[in-house]
Amino acid sequence: MRTSSRPVLLSILVLGLAGALTAGCAGEPERPPARRIVTNEAFINGLYMGLDLTDQREVFRFVFSQLDDEVTVYPSENYYYFEFTARGKTLAGSISLFPEDRDSARVGFGYATRLEDKARHKRYFNTGEGAKLTAQDGVRLEALDAFTYAVRFEGKTVRFHLYNPGLEPPQKAALRPDERFVGPSFDESGLRFYLLFNETTSKLFWILNEDGFVPETFRTSGIEGVVIGDRTEFAFYVDSVQTRKILIGVAGLNVLHNNWYDGPFDQMPDNYVYTGQIDLKKYLMAHYGYEASAIDDYGNYGAASRVPVAPYTVYFSEDALRLVETCTASEPEPPAFYACLTRQVFEIPEDFYQGVRRTFY
């Protein structure tokens, strides 16, 4: 899920999580205790707030004024998500600190309206505002170290701590001899992942980071070996041989709504690419067959688009996850079996929109 000034759908958010982050055992973050609730009173008061939503500077001033003096950017792609209500609408957006922007002292900022209930809207297109803010806008960015940045605006300073779990490989999950640990990822869903690469098949895939607490519960799907997250709807193949859960599916409605459960496709370990500790580009070239000139070190191509690292099925029915049965029957060797499970598939059923009125926002 993305917001900010990149040319993508501007939509749902993760509620901003504040507080400093320090690395613990096996990359397990030590977080301050939760200390905020969302009240109906605040929700209603916001609905009546007369904020000019067409004025990016005014909206940035409002959002920035609400931040603590120190915040943590958990998502690996460096989006700090927020939400608020104003003028009868719910707004979602982000402040972004992309590596490619930080050297130019640019801060991304974007926001848009969102719908409340995805079940009533199979897809929506919404309008919003986005910009790259610089000193000319009164927004100043200063690097304090490789993982800490200070943003200053109208007399207020906020320190942004970027996700920095370290580069320790998986501890609970076992890697095969032909597999390589690429890097860690923190998804806006709240789940953490490891990105792996299989040298035999030249394919990337995601496994769940279970080296600490996992904020999810799972249910069996009726398909042998497949479990689905109760909260995220992420589908995993339980690889009992290697003691890991391989991501094989993300719910289609979440992808269409570009929300915080749309999968970790964009949550690359960018900060370690920035520091030169991870060569992500070589893995993207091997997996997708790109020429070196086609993408940059982060997988960006064209003006402002990024390679979606989504080696899993976007499923609109759990029957689509029966690919596990097909792979089990057709690919007995582990490398080919894993590659079969993690094919990148995104196909909207032909009758998906039948009888549905699509609304544009």
Side-chain angles (χ1 to χ4, degrees), residues 1-18 36-68 71 73 75 77-98 101 106-141 151-158 160 188 253-254 256-262 266 303-304 357-361:
M1 190 275 295
R2 295 182 171 195
T3 58
S4 192
S5 53
R6 289 186 177 181
V8 294
L9 288 176
L10 300 174
S11 78
I12 301 188
L13 50 119
V14 177
L15 184 64
L17 297 174
R36 287 184 175 173
I37 61 172
V38 178
T39 67
N40 180 252
E41 177 189 14
F43 171 80
I44 291 175
N45 287 342
L47 291 174
Y48 286 87
M49 180 173 58
L51 186 65
D52 184 357
L53 300 178
T54 65
D55 187 333
Q56 295 178 21
R57 185 181 178 88
E58 182 178 342
V59 176
F60 181 80
R61 179 181 293 113
F62 168 74
V63 171
F64 196 73
S65 71
Q66 303 298 304
L67 301 183
D68 290 340
V71 300
V73 185
E77 201 186 9
N78 300 305
Y79 280 109
Y80 187 82
Y81 295 111
F82 57 80
E83 72 172 353
F84 63 93
T85 50
R87 288 190 175 273
K89 302 179 184 296
T90 297
L91 282 299
S94 69
I95 296 171
S96 58
L97 297 173
F98 302 137
D101 288 337
R106 296 183 298 181
V107 176
F109 180 64
Y111 57 95
T113 58
R114 73 165 173 84
L115 299 179
E116 299 291 345
D117 183 1
K118 72 177 183 181
R120 293 186 293 112
H121 304 271
K122 288 195 171 182
R123 186 167 187 174
Y124 66 92
F125 300 84
N126 55 354
T127 58
E129 303 287 339
K132 300 285 189 180
L133 304 176
T134 66
Q136 292 183 336
D137 304 294
V139 179
R140 289 172 171 78
L141 179 67
V151 178
R152 297 183 173 88
F153 178 68
E154 295 185 345
K156 178 175 180 174
T157 299
V158 177
F160 286 78
E188 66 263 44
L253 270 179
N254 290 327
L256 294 181
H257 276 249
N258 188 33
N259 66 23
W260 43 350
Y261 302 126
D262 65 352
D266 53 353
R357 178 184 176 186
R358 296 198 229 180
T359 306
F360 291 79
Y361 293 82

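All residue numbers in this chain count up from 1 along the given sequence.
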Give the minimum heavy-atom separation between [X] and [Y], together with the two atoms involved.
X      : Y      : value
Glu77  : Phe98  : O-CD2, 3.5 Å
Val158 : Val71  : CG1-CG2, 4.0 Å
Thr113 : Lys89  : CG2-CD, 3.4 Å
Leu97  : Phe160 : CD1-CB, 3.6 Å
Leu51  : Arg87  : O-NE, 2.7 Å
Met49  : Ala86  : CE-CB, 3.7 Å

Partners of Arg152 by salt bridge (Lys or Arg N to Asp or Glu O under 4.0 Å), sequence neighbours excluded?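 Salt bridge (Lys or Arg N to Asp or Glu O under 4.0 Å) list for Arg152, sorted by chain: Glu142.
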Within 6.0 Å of CD in Gln66, more than 12 heavy atoms from elsewhere: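 Yes, enclosed.
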Side chain to side chain contact (heavy atoms under 4.5 Å, CB included) between Tyr80 and Val63, intermediate numbers included: CA-CA 11 Å; Tyr80 187 82; Val63 171; over 6 Å; no
Among residues two or more places apart or on two chains, list those pairs meeting salt bridge (charged side-chain N to carboxylate O under 4.0 Å, His left out) that have a residue in residues 47-57.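 Salt bridge (charged side-chain N to carboxylate O under 4.0 Å, His left out) check on residues 47-57 returns Arg57-Glu154.
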When Ile95 is tested against each of Tyr79, Phe109, Tyr81, Tyr111 for side chain to side chain contact (heavy atoms under 4.5 Å, CB included), which residue passes?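 Testing each of Tyr79, Phe109, Tyr81, Tyr111 against Ile95, the sole residue satisfying side chain to side chain contact (heavy atoms under 4.5 Å, CB included) is Phe109.
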Residues Asn259, Glu188; criterion side chain to side chain contact (heavy atoms under 4.5 Å, CB included); working and verdict: CA-CA 9 Å; Asn259 66 23; Glu188 66 263 44; over 6 Å; no
Set out, in order, the CA-CA distance, both residues' side-chain angles and the distance that settles side chain to side chain contact (heavy atoms under 4.5 Å, CB included) for Asp137 and Phe153, then state yes or no. CA-CA 9 Å; Asp137 304 294; Phe153 178 68; over 6 Å; no
Evaluate the side-chain proximity of Phe82 to Leu91: yes if any heavy-atom separation is below 4.5 Å, no if none is. no
Any chance you could measure [X], atom [atom1], to [Y], atom [atom2], to the nearest 0.5 Å?
X      : Y      : atom1 : atom2 : result
Tyr48  : Phe43  : OH    : CZ    : 10.5 Å
Asn45  : Thr85  : CG    : OG1   : 8.0 Å
Leu253 : Tyr261 : CG    : OH    : 14.5 Å
Asp266 : Asn258 : CG    : CG    : 8.5 Å

